[in-house]
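A short worksheet on the structure shown next.
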Amino acid sequence: MSPLAIAQSPAALVFDQMAGEYDDVFTNSMIGRAQRDAVWSVLTHIFRSGDHVLELNCGTGEDALFAARNGISVTACDASEQMIQIASRRQRKEAPGAPVQFNLLPTERIRELQSSTQVDGIFSNFSGLNCIPDLKQTAEDLAAFLSPGAPLLICLSTRFCIWEMLWFTLHGNFRKASRRCSGHAIARVGEFTVDVYYPTVRQLRTLFSPSFVLRSCSGVGVTVPPSYVEAWIRNHPKLLRILRTIDRAISNYPGFRVLGDHVLLHFERVQI
């Protein structure tokens with residue numbers, strides 16, 4: 001699908017502002033790598049070589065290109081024109097033959113993909129779905145692409161992030177320490193703002209039913225800190241290695257898994 005002439009949403013404009021620095025600030029950071037590796041370990045277990053996956057909120061293409069290196073073909077979409085441009089340039093430079101197609105398409109309009117597009121699974125990483133006000137509608141739209149038994153793997157920001165609460169409380173910023181707790185916040189990047197939603201796992205289970213059933217849930221960044229702690233953690237690389245080890249040990253336990261920076265949910269399409 002060629003880029004669409006669409007009026008960009010506030011979220012798309014915010015991510016346009018972030019696009020140029022996103023890989024430096026997150027993708028290639030120590031924290032970003034640690035959190036993404038945790039997601040990738042699950043991704044390569046859920047999806048297999050030869051699968052065709054639909055990716056939502058693909059950003060600069062890091063996950064799509066990783067999947068392609070593992071034999072997975074990807075139809076990757078994002079609402080940000082700048083993100084798609086960077087992802088396309090990366091593909092031409094890093095993996096010109098990779099089975100990846102990047103599309104400028106917001107998740108809210110994902111149904112506009114060809115109705116004949118059947119995929120083996122759907123994937124969304126790192127909080128893109130937190131900017132969607134109507135996840136119930138999104139679940140209905142995504143169900144149309146999947147056969148019963150197919151996986152939906154999504155990673156969202158949690159409502160209660162222990163690291164965030166402690167970090168900002170210790171720095172005297174109580175507003176930021178509690179910004180997720182109400183389930184809704186307004187994020188500002190430059191001159192643009194975007195509404196960000198923080199549904200609980202219980203709410204997500206309800207929002208994605210009856211088309212999907214939740215099969216597993218794991219924490220991402222339970223002891224590994226959020227990306228804004230990067231400057232501090234770079235001075236403590238040994239500590240980060242310890243925190244990554246602890247994360248792997250506790251991320252699947254109830255209680256711990258919903259207290260990280262993100263939560264990774266594996267849903268399965270069911271027959272209705």
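For this chain, numbers begin at 1 and follow the sequence in order.
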Partners passing salt bridge (charged side-chain N to carboxylate O under 4.0 Å, His left out) against [X] (at least two apart in sequence or in another chain):
X      : result
Arg234 : Glu230
Asp78  : none
Arg159 : none

Minimum side-chain heavy-atom gap [X]-[Y] below 4.5 Å:
X      : Y      : answer
Arg89  : Lys93  : no
Cys58  : Asn103 : no
Gln91  : Pro96  : no
Glu268 : Phe212 : no
Val189 : Val194 : no
Cys77  : Ile110 : yes
Ser73  : Gln101 : no
Asn173 : Arg175 : yes

Residues two or more places apart in sequence or in another chain: which of them pass side chain to side chain donor-acceptor pair (under 3.5 Å) with Glu62?
Arg33, Arg90
When you measure from the side chain of Ser29 to the backbone of Phe26, do you find a donor-acceptor pair of N or O atoms at a distance under 3.5 Å?
yes
Strictly distance-based, threshold 3.5 Å: is any side-chain N or O of Ser209 a donor or acceptor partner for the main-chain N or O of Thr206?
yes
Show me the side-chain donor-acceptor pairs of residues 142-156 shorter than 3.5 Å, one per line, residues at least two apart or across chains.
none

Gap between atom [atom2] of [Y] and atom [atom1] of [X] - 0.5 Å precision:
X      : Y      : atom1 : atom2 : answer
Phe102 : Thr75  : CZ    : OG1   : 10.5 Å
Asp261 : Cys161 : CG    : SG    : 4.5 Å
Leu56  : Leu105 : CG    : CG    : 9.0 Å

If you draw a 6.0 Å radius around CZ in Phe160, do more than 12 non-hydrogen atoms from other residues or ligands fall strictly inside?
yes
Using links of under 4.5 Å between side-chain heavy atoms of ILVMFWY residues, direct or through other members, which residues join Trp167 in one cluster?
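Besides Trp167, the hydrophobic cluster comprises Met30, Ile31, Trp163, Phe168, Val224, Tyr228, Val229, Trp232, Ile233, Leu239, Leu240, Leu243, listed by chain and residue number.
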Given a cutoff of under 4.5 Å between side-chain heavy atoms of I, L, V, M, F, W and Y, with clusters grown through shared members, what are the other residues clustered with Val270?
Val213
Single hit among Asp51, Leu65, Leu54, Val100 for side chain to side chain contact (heavy atoms under 4.5 Å, CB included) with Val74:
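Option passing the side chain to side chain contact (heavy atoms under 4.5 Å, CB included) with Val74: Val100.
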Could you list the donor-acceptor pairs under 3.5 angstrom formed between side-chain atoms of residues 41-49 and any protein atom two or more places apart in sequence or on another chain?
unit_1: Ser41; atom_1: OG; unit_2: Ala38; atom_2: O; d: 2.8
unit_1: Thr44; atom_1: OG1; unit_2: Trp40; atom_2: O; d: 3.0
unit_1: Thr44; atom_1: OG1; unit_2: Ser41; atom_2: O; d: 3.4
unit_1: Arg48; atom_1: NH2; unit_2: His45; atom_2: O; d: 3.4

His184 vs Asp195, side-chain contact (heavy atoms from CB on, under 4.5 Å): CA-CA, chis, key distance, verdict
CA-CA 7 Å; His184 173 253; Asp195 289 286; 2.7 Å; yes
How close do [X] and [Y] get, heavy atom to heavy atom, and via which atoms?
X      : Y      : answer
Ala79  : Leu104 : O-CD1, 3.5 Å
Gln203 : Pro199 : OE1-CA, 3.2 Å
Gly61  : Ala87  : N-CB, 3.8 Å

Given the rule in the side-chain contact (heavy atoms from CB on, under 4.5 Å) test, do Leu264 and Val220 qualify, once you have shown the distances and angles that lead to the verdict?
CA-CA 7 Å; Leu264 183 63; Val220 176; 4.0 Å; yes
Is Ile242 reachable from Tyr253 through a run of I, L, V, M, F, W or Y residues, each pair having side-chain heavy atoms under 4.5 Å apart?
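Yes: a chain of side-chain contacts under 4.5 Å links Tyr253 to Ile242.
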Going by atom type alone, with no hydrogens or angles, which donor-acceptor pairs under 3.5 Å involve a side-chain atom of residues 10-24 and a protein atom two or more places apart or on another chain?
unit_1: Asp16; atom_1: OD1; unit_2: Ser80; atom_2: OG; d: 2.5
unit_1: Asp16; atom_1: OD1; unit_2: Glu81; atom_2: N; d: 3.2
unit_1: Asp16; atom_1: OD1; unit_2: Gln82; atom_2: N; d: 3.0
unit_1: Asp16; atom_1: OD2; unit_2: Gln8; atom_2: NE2; d: 2.9
unit_1: Asp23; atom_1: OD1; unit_2: Thr27; atom_2: OG1; d: 2.7
unit_1: Asp23; atom_1: OD1; unit_2: Thr60; atom_2: OG1; d: 2.7

Qualifying salt bridge (charged side-chain N to carboxylate O under 4.0 Å, His left out) pairs with a residue from residues 118-144, counting only residues at least two apart or across chains:
Arg111-Asp141
For residues 121-133, please give each side-chain donor-acceptor pair under 3.5 Å, one per line with the distance, not counting sequence neighbours.
unit_1: Ser124; atom_1: OG; unit_2: Asn57; atom_2: ND2; d: 2.9
unit_1: Asn125; atom_1: ND2; unit_2: Asp63; atom_2: OD1; d: 3.4
unit_1: Asn125; atom_1: ND2; unit_2: Asp63; atom_2: OD2; d: 3.1
unit_1: Ser127; atom_1: OG; unit_2: Ser157; atom_2: OG; d: 2.6
unit_1: Ser127; atom_1: OG; unit_2: His262; atom_2: NE2; d: 3.1
unit_1: Asn130; atom_1: OD1; unit_2: Ser157; atom_2: N; d: 2.8
unit_1: Asn130; atom_1: ND2; unit_2: Ser157; atom_2: O; d: 3.3
unit_1: Asn130; atom_1: ND2; unit_2: Tyr197; atom_2: O; d: 2.6

Report the residues that fulfil ring-ring contact (aromatic ring centres under 6.0 Å, His included) with Phe256, sequence neighbours left out, ordered by chain and then residue number.
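Counting only residues at least two positions away or on another chain, Phe256 forms no ring-ring contact (aromatic ring centres under 6.0 Å, His included).
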side-chain contact (heavy atoms from CB on, under 4.5 Å) for Arg179 and Glu164? Distances and angles first, verdict last.
CA-CA 9 Å; Arg179 62 183 173 181; Glu164 181 160 289; 3.0 Å; yes
